[in-house]
Amino acid sequence: MTMLRHTMLALAAPLALTACGKAPDLDQTGARPQLPEQKETLLPPMKIARPAGWNGAAPSVPQGFTITPIATGLKVPRQMLVLPNGDVLVSEGLGGSAPKLRPKDVIAGYIKSLGKSGTKGGDRVTLLRDRDGDGKYELQTEFIGGLNAPYGLALINGDLYVANQDALLRFSYRDGATRIDGPGEVVTKLPANPNHHWTKSLTASADGTRLYVGIGSNSNIGERGMALEEERAVVWEIDGESGAHRTYASGIRNPTALAINPATQALWAVVNERDELGADLVPDYMTSVKPGAFYGWPYSYYGNHVDPRVHPQKPEMVRKAIAPDYALGSHVAALGLTFLTGGGFGGNYADGAFVGEHGSWNRRQLAGYKVVWIPFTNGRPSGKPRDFVTGFIGPDGKARGRPVGVTYDPVRRALLVADDLSNTVWRITPAR
Amino acid sequence: MPAAFPRGATTALHPIHSILIAFPVALFPGALAADVTYLNSSEIQWSNFAAWLIAGALVFTGLSLAWTLVRIAMRRAGGRWLAAMLAGLFVFGLVNAFQHSHDGWSSVGTTGLALSLISTVLALAAGWIAYTMPGKVRP
């Protein structure tokens with residue numbers, strides 16, 4: 001009976017937390033986010049915003065800016081790249097092939113699918129061209145086909161690099177091309193088995209000699225077994241010539257976008273942190289990626305906050321773990337990162353970064369579903385995130401869109417936002 | 001229980017009802033064994049096994065309970081203890097299924113082990129009640 005009572009208490013506690021779990025408003029952005037107690041409730045807090053169309057409406061942008069769709073009918077657009085001639089490339093794909101190992105995987109997969117468009121990934125890169133510079137991209141054409149869930153894109157010295165979910169490919173790019181045929185050259189294979197987190201983010205070093213690829217974990221916190229986590233939750237540094245790689249940083253759960261900070265030329269990333277420790281854990285983050293650094297996953301988060309679900313635990317790894325630079329908020333699901341260059345939009349938007357927040361499921365009150373602006377000074381974040389593109393959740397609580405990649409076009413002074421729910425690319429420019 | 005099956009006697013439970021009840025009787029102890037193995041080995045596949053065993057046990061516990069309730073309603077026959085035991089088993093099993101949906105060590109831990117232990121005891125008790133239920137003896 002003692003055992004029974006003990007168990008009943010153990011069960012009642014998390015249920016009670018679910019019932020009255022209105023947490024006080026926490027400050028979970030910036031350099032020192034508030035990290036509440038872990039709450040492992042019997043069922044995790046969940047909310048999925050069901051999709052609905054824009055019906056001619058558009059996301060909201062601050063006064064002084066206008067937003068227009070420049071491409072529609074895409075097949076799950078993810079990341080973008082602005083070419084020297086102003087053409088825009090868009091990667092389209094939906095990867096991952098992780099087997100369903102337990103009943104939860106089946107149910108969670110169904111629940112998450114309710115918040116998606118249902119479109120099959122294009123497995124291609126689309127080119128958008130604005131011939132006359134009027135802000136209308138009249139050409140929308142398949143640039144590279146036959147890819148395997150492409151995500152990250154980079155251009156170095158006439159070579160176009162595409163990060164498929166299983167390999168980094170190189171294509172020779174001629175200025176003005178509207179199509180590249182052929183399968184491309186495999187620079188290196190990328191860890192792809194089984195790709196629980198499949199997106200391979202990509203950027204090139206400022207001098208163009210190195211490529212960085214973000215490789216997400218194969219699980220939430222290692223629950224598929226740590227054998228699958230070899231070379232996962234890491235950033236690779238790859239020599240573009242030889243394809244040789246080294247692990248540049250590790251314990252970095254899901255680095256979904258990489259970018260070079262123009263002020264310091266350091267590598268920065270946005271990273272999605274772990275789920276199911278409560279609505280307010282663990283904040284996703286943006287950080288400079290320090291060579292050789294270990295960011296804690298799966299053993300701990302934000303330095304030495306130990307995750308009790310990982311067993312056996314490794315205190316020596318927890319001691320090694322460093323905290324990231326800047327928290328973005330819990331479950332915002334940051335998937336896009338771009339820095340402004342050349343004075344940006346001027347005014348309040350001259351020096352800083354935009355972050356695309358896709359939104360996630362592990363919260364009753366939706367977080368993310370917007371693009372935020374983070375001001376920088378001397379290469380470091382110097383203020384709180386401010387909403388820049390909003391209105392992805394309509395007044396009816398349904399999702400019109402979900403932002404993924406964000407890319408600043410320095411030639412035409414525009415911010416591009418890929419929206420993988422409405423399959424649109426949005427373009428935001430200062431109003432004339 | 002009489003030592004010999006009397007001539008003219010019928011079994012208390014329909015054979016299919018008996019088979020349905022056999023599943024939780026077998027699967028819940030199986031889940032307990034898988035849990036113990038996981039806690040001893042940290043090998044996550046054992047927790048996955050336990051999760052499937054519990055899910056399967058729950059389905060058949062639900063069917064067994066439904067059959068028992070229909071039987072009570074239709075024949076006003078006995079079986080209330082069996083129904084109570086299966087209902088309790090379903091509740092604990094459902095909570096345990098949610099517990100096992102947690103990730104890593106939290107999928108079992110102390111709570112999961114306790115729930116599997118309770119489910120096992122309830123399943124064996126339900127089986128005992130079911131299989132010792134007296135049948136009617138036709139004259």
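Each chain gets a letter, A, B and so on, in the order its sequence line appears, and its residues count up from 1. What you see is a predicted model, and the numbers here were worked out from it, not measured in a lab.
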task: Side chain from CB out, backbone as N, CA, C, O: work out which of these in R224(A) comes under 4.5 Å of a heavy atom of chain B, or both, or neither.
output: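 Contact with chain B involves the backbone of R224(A) alone.
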- request: Could you tell me which portion of P103(A) (side chain, backbone, both or neither) has an atom closer than 4.5 angstrom to a non-hydrogen atom of chain B?
  value: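 Backbone plus side chain of P103(A), per the 4.5 Å heavy-atom cut-off to chain B.
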- prompt: Between OG of S107(B) and CZ of R102(A), what distance do you get to the nearest 0.5 Å?
  reply: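 Output value for this atom pair is 6.5 Å.
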Approximate separation, where rounding is to 0.5 Å, of R309(A) CZ and H102(B) NE2: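 Answer rounded to 0.5 Å: 9.0 Å.
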message: Counting only heavy atoms not in E316(A) (residues, nucleotides, ligands), do more than 12 fall under 6.0 Å from its CD?
response: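 Counting neighbours around CD of E316(A), more than 12 heavy atoms of other residues, nucleotides or ligands fall under 6.0 Å, so yes.
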task: Please name all residues satisfying side chain to side chain donor-acceptor pair (under 3.5 Å) with S106(B), sequence neighbours left out, ordered by chain then number.
output: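 With neighbours one apart ignored, the set is E40(A).
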message: Which residues in residues 36-63 of chain B have any heavy atom closer than 4.5 Å to a heavy atom of chain A?
response: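 Under the 4.5 Å heavy-atom cut-off, S42(B), I44(B), N48(B), A51(B), W52(B), A55(B) qualify.
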